[in-house]
Amino acid sequence: MTTDDERQSCRRVIFDRVLGKGTFSTVYKALVQPDNEHIALKIVHLRNIVNDLKTVQDCVNEISILKKLNHSNIIRCFWWDFSDFELKIGLELATGGDLRRIIQEHYDEFSLIKEPIIWSCAVQLSSALYHMHTSRIMHRDIKPANIFVYGLKEEKNSLYERWKEVKIKLGDFGFSKDITNGVDMTCRSVLGSPLYMSPERMLHQKYYFDSDVWSMACVIYEVCYTIIIYRTLIID
């Protein structure tokens, strides 16, 4: 049987293209050999943050949380390693981008998203959130950019045909918090994206798991009504 260390020693990563960039990290589409599997490779440049203990802790936190979670609607972490002041994290590749794409495509077509697609996204996201919260983990940064898309039909079809069987997965757990061993089961840290934050977080008050539910509701609301808001802005 091949051990994890043996797999790592024979692993060869071929970079394809940049998928996104952060302040201290870059995410690439990459091919891993000998498995011939495409992944999203997140590289955190620790040399630039070696004195920023909080950021380093966030990186380690993301790995430990992803290894703890196992759900069909949550991004998987395949492996990670550290060398030359770089933390490399091999993640499941989102073949259809993120949820912002569905919003943008319907903007471009000036069309509402069909109700069955909205319900499908809501059910899948709720299932992921239930699994996280049962595992005593808060995400704290739920937004369309952190919800990834699979099974999108790329061929030219109607928007409904392209999106009706899509699968979504929650990712980017850099701001997540594991409170399994916490004495105080609430949080005060203000992290994430203000547009999707619950009122108690915006007011720097204590918050609990239901803060994630608020953020999820904001995402579903945006998927339902962005085109209506967009039309209102055009008319005004």
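Because the structure is predicted, anything quoted here is derived from the model rather than measured. Both backbone and side-chain heavy atoms feed into the values below; hydrogens, waters and symmetry mates do not.
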Partners meeting side chain to side chain contact (heavy atoms under 4.5 Å, CB included) with H133 (sequence neighbours left out): L129, F209, D212, V213

Any side-chain heavy-atom pair of E86 and H45 under 4.5 Å: yes

Criterion side-chain contact (heavy atoms from CB on, under 4.5 Å) on W80 and K67, from CA distance to verdict: CA-CA 10 Å; W80 66 275; K67 289 176 72 68; 4.2 Å; yes

Backbone of S135 reached by a side-chain donor or acceptor of K68 within 3.5 Å: yes

pair K164-K114: side-chain heavy atoms closer than 4.5 Å: no

W214 (side chain) donor-acceptor with M197 (main chain) under 3.5 angstrom: yes

Y28 vs V13 side-chain heavy atoms within contact, under 4.5 Å: no

Sidechain-backbone polar pair: R140 side chain, F175 backbone, donor-acceptor under 3.5 Å: yes

Sidechain-backbone polar pair: H131 side chain, N70 backbone, donor-acceptor under 3.5 Å: yes

Test item: I43 and F15 side chains (from C-beta on) under 4.5 Å apart, heavy atoms: yes

Pairwise distance CE(M132) to CE(M138) - rounded to 0.5 angstrom: 9.0 Å

Any donor-acceptor pair under 3.5 Å from S215 side chain to Y196 backbone: yes

Side-chain (N146) to main-chain (D141) donor-acceptor, under 3.5 angstrom: yes

Backbone of V166 reached by a side-chain donor or acceptor of Q124 within 3.5 Å: yes

S120 side chain to P116 backbone, donor-acceptor under 3.5 Å: no

Donor-acceptor under 3.5 Å (N73 side chain, I168 main chain): yes

Test item: L93 and L19 side chains (from C-beta on) under 4.5 Å apart, heavy atoms: yes

Qualifying residues under side chain to side chain donor-acceptor pair (under 3.5 Å), relative to S64, sequence neighbours excluded: none

R136 side chain vs I179 backbone, donor-acceptor pair below 3.5 Å: no

Student check: side-chain heavy atoms of I102 and I113 closer than 4.5 Å: yes

